[in-house]
Student: 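Have a look at the structure that comes next, please.
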Amino acid sequence: MKKIAILTSGGDAQGMNTAIRAVAKTAMFKGWEVYGIRRGYKGMLEDDIYKMTPLDVSNIADKGGTILKTARLPEFKDPKVRALAAENLKKRGIDSLVTIGGDGSYHGAYYLNIEHGIQTVGLPGTIDNDIAGTDFTIGFYTALNIVIDAISKLRDTAQSHDRTILVEVMGRNCGDIALNACIAGGANGVIIPEMPYKIEAIEEIIRKRREEGKNFDVIVVSEGVKEGTQEIARQLKERNPKLDVKVTTLGHIQRGGSPTAFDRLLATRLGVAAVNLIEKNEADGVMLGIEKTLVVTHKLQYAWENYEKKDQKFYEIAMMLSI
Ligand code: ADP
Ligand code: F6P
């Protein structure tokens, strides 16, 4: 009988609970023991590990957040800290770990595998969509829906007041939330860290919109843009004092709420696949993702070694439709 552990790490994302449920139920179905580690690598180090029951994963598929809680533990970069944490798995006979998180969390899983021989599978749980080896991360589409809903609401008030609203969205250094939200939400311009920032490009959109009698704008700014949203607002006002510019930062609201059907299905497919890999002894530091609708497996390091910059064409489409 196998003993496996599950943890969630880094920023929480909608669908993490769905993934926990899929892993736990699949493993329990096979008769395995399943352990939950609270607060990611912090709980692994502090021995906050418990044996999960079917009741623990009942009625959680549609819940935001993570029942296992999450945390960041920068000290996990230290091999001595990882050795202490790994000991807490080994003493229970746990030899396999499913880590649900972003590429930082994948690094932790990578080292546990190469240094301590623990079978590790990474599932991409982050709203940022900043992991190579998967077209989409668990949580990304739910966050995107929250952002496009906010864009619609901001458009209502921007139009009433003839305003330019800059809406700052999350994503860390990845502009995927901003770019996709601009297109799906019909916003009027997008500024992302992967593309050079040119205030003239935004001014040109605003100018053309005014020419067409459109007296308001909602522009999406990714938090990773180094100039910062407030500074961009200041520059816009300085260059055109007639503009009434406001900034709205969406913040952590983007990480909450019930996962969409897409995220639930993605989390479930990847969760089931993780257990199947462990069963076949093919979980030697690997990650799971979805590419062209199919579940795929890569080595964990693929996630950070192959991260690509944005598709220039997609960005150009966003800007063209912004007018
Ligand atoms: P995410 O997993 O969403 O990218 P973080 O980058 O904050 O989030 O990483 C989550 C946790 O993963 C960190 O707090 C740390 O415990 C662990 N981690 C991150 N980078 C490394 C690394 N280079 N080596 C070992 N562990 C790491
Ligand atoms: O990685 C997910 C994310 O929400 C990023 O988009 C954001 O930069 C960061 O986490 C915020 O982290 P915290 O929850 O620590 O404020």
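First listed ligand is number 1; within each ligand, the first listed atom is number 1.
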Student: What is the closest protein heavy atom to atom 19 (C) of ligand 1, and at what distance does it sit?
Tutor: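 Heavy-atom neighbour on the protein nearest atom 19 (C) of ligand 1: Gly104 O, 3.1 Å.
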Student: Run through Tyr41, Tyr110, Tyr106 and flag the one making a ring-ring contact (aromatic ring centres under 6.0 Å, His included) with Phe76.
Tutor: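 Among the candidates, only Tyr41 passes.
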Student: Between Glu204 and Lys198, does at least one N-O distance fall below 4.0 Å, as a salt bridge requires?
Tutor: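 The answer is no: the pair does not qualify as a salt bridge.
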Student: I need the contact type for Met44 against ligand 1. Using non-hydrogen atoms and a strict under-4.0 Å cut-off, is it side chain, backbone, both or neither?
Tutor: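 The answer is neither; Met44 stays 4.0 Å or more away.
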Student: Okay, side chain of Thr142, backbone of Pro259: is any donor-acceptor separation there less than 3.5 Å?
Tutor: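 Side chain of Thr142 to backbone of Pro259: no pair is present.
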Student: Output yes when Asp217 and Arg210 qualify as a salt bridge under the 4.0 Å nitrogen-oxygen rule, no when they do not.
Tutor: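 The answer is yes: the pair qualifies as a salt bridge.
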Student: If you measure from each heavy atom of Lys42 to ligand 1, is any distance below 4.0 Å?
Tutor: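 No, Lys42 has no heavy atom closer than 4.0 Å to ligand 1.
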Student: Show the distances, to 0.1 Å, for all pairs joining an N/O atom of ligand 2 and a protein N/O atom that are shorter than 3.5 Å, listing one pair per line.
Tutor:
| residue | atom | partner | partner atom | Å |
| --- | --- | --- | --- | --- |
| ligand 2 | 1 (O) | Asp128 | OD2 | 2.6 |
| ligand 2 | 1 (O) | Arg172 | NH2 | 3.3 |
| ligand 2 | 4 (O) | Arg255 | NH1 | 2.7 |
| ligand 2 | 6 (O) | Asp128 | OD1 | 2.7 |
| ligand 2 | 6 (O) | Gly171 | N | 3.0 |
| ligand 2 | 6 (O) | Glu223 | OE2 | 3.3 |
| ligand 2 | 8 (O) | Glu223 | OE2 | 2.5 |
| ligand 2 | 10 (O) | Arg255 | NH1 | 3.1 |
| ligand 2 | 14 (O) | His252 | NE2 | 3.1 |
| ligand 2 | 14 (O) | Arg255 | NH1 | 3.0 |
| ligand 2 | 14 (O) | Arg255 | NH2 | 2.9 |
| ligand 2 | 15 (O) | Arg72 | NH1 | 2.6 |
| ligand 2 | 16 (O) | His252 | NE2 | 2.9 |

Student: If you have a sec, work out which protein heavy atom is nearest atom 7 (O) of ligand 1 and how many Å separate them, to one decimal?
Tutor: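 Ranked first by proximity to atom 7 (O) of ligand 1 is Arg72 NE, 2.8 Å.
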Student: With a 3.5 Å distance limit and no angle check, can you tell me whether Thr70 reaches the backbone of Gly11 through a side-chain donor-acceptor pair?
Tutor: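 Side chain of Thr70 to backbone of Gly11: no pair is present.
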Student: Quick check: do Arg209 and Phe216 have side-chain heavy atoms less than 4.5 Å from each other?
Tutor: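 Arg209 reaches Phe216 side chain to side chain.
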Student: By the side-chain hydrogen bond (donor to acceptor under 3.5 Å, both in side chains) test, which pairs, at least two apart or in different chains, include something from residues 285-302?
Tutor: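 Sorted result for residues 285-302: Glu291-His298.
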Student: Compare Tyr41, Trp304, Tyr111 and give the one whose heavy atom is closest to atom 24 (N) of ligand 1.
Tutor: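 The option holding the nearest heavy atom is Tyr111.
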Student: Hey, are Asp47 and Arg92 close enough for a salt bridge, meaning a charged N less than 4.0 Å from a carboxylate O?
Tutor: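 So Asp47 pairs with Arg92 through a salt bridge.
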Student: How are the rings of His107 and Trp304 set relative to one another: parallel (under 30°), tilted (30 to 60°) or perpendicular (over 60°)?
Tutor: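 Plane angle under 30°, so parallel.
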Student: Have a look at ligand 1 and work out which part of Leu73, if any, has a heavy atom under 4.0 Å from it: side chain, backbone, both or neither.
Tutor: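 Answer for Leu73: both.
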Student: Sequence neighbours left out, what pairs pass salt bridge (charged side-chain N to carboxylate O under 4.0 Å, His left out) with at least one residue falling in residues 77-86?
Tutor: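 Found Arg82-Glu115.
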Student: Test of understanding: clusters of I, L, V, M, F, W, Y form through side-chain heavy atoms closer than 4.5 Å, transitively. Do Met319 and Ile232 belong to the same one?
Tutor: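 In one cluster: yes.
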Student: Does ligand 1 have an atom that lies less than 4.0 angstrom from a heavy atom of Asp103?
Tutor: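 Asp103 counts as a contact of ligand 1 under the 4.0 Å cut-off.
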Student: Pull out every atom of ligand 1 sitting under 4.0 Å from any heavy atom of Ser9, numbered as shown with elements.
Tutor: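 Those qualifying, in numeric order: 10 (C), 11 (C), 12 (O).
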Student: Ignoring angles and geometry beyond distance, decide whether His107 reaches within less than 3.5 Å of ligand 1 through its nitrogen or oxygen atoms.
Tutor: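 For ligand 1, there is no N or O atom that lies under 3.5 Å from one belonging to His107.
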Student: Below the 3.5 angstrom mark, is there an N/O of Gly102, backbone or side chain, next to an N/O of ligand 1?
Tutor: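 Yes, since at least one N or O of Gly102 sits under 3.5 Å from an N or O of ligand 1.
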Student: When the side chains of residues 150-158 are checked against the rest of the protein, which donor-acceptor pairs come out under 3.5 Å, sequence neighbours left out?
Tutor:
| residue | atom | partner | partner atom | Å |
| --- | --- | --- | --- | --- |
| Ser152 | OG | Ile148 | O | 3.3 |
| Lys153 | NZ | Asp149 | OD2 | 2.8 |
| Arg155 | NH1 | Gly185 | O | 3.0 |
| Arg155 | NH1 | Gly186 | O | 2.9 |
| Arg155 | NH2 | Gly185 | O | 3.2 |

Student: Look only at interatomic distance and state if Ser105 has a nitrogen or oxygen under 3.5 Å from any nitrogen or oxygen of ligand 1.
Tutor: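 Looking only at distances, the answer is yes, because the N/O contact criterion of under 3.5 Å is met.
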Student: Quick check: does any side chain N or O of Asn88 sit under 3.5 Å from a backbone N or O of Leu45, one acting as donor and the other as acceptor?
Tutor: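 At least one qualifying donor-acceptor pair exists.
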Student: Give the atom numbers and elements of ligand 1 that come within less than 4.0 Å of a heavy atom of Gly10.
Tutor: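 Matching atoms, with element in brackets: 3 (O), 8 (O), 10 (C).
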Student: Counting only heavy atoms, tell me which of Gly108, Gly11, Ala71 gets closest to atom 26 (N) of ligand 1.
Tutor: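 Shortest heavy-atom distance from atom 26 (N) of ligand 1: Gly108.
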Student: Note the single closest protein heavy atom to atom 25 (C) of ligand 1, along with its residue, its atom name and the distance in Å.
Tutor: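 Heavy-atom neighbour on the protein nearest atom 25 (C) of ligand 1: Phe76 O, 3.5 Å.
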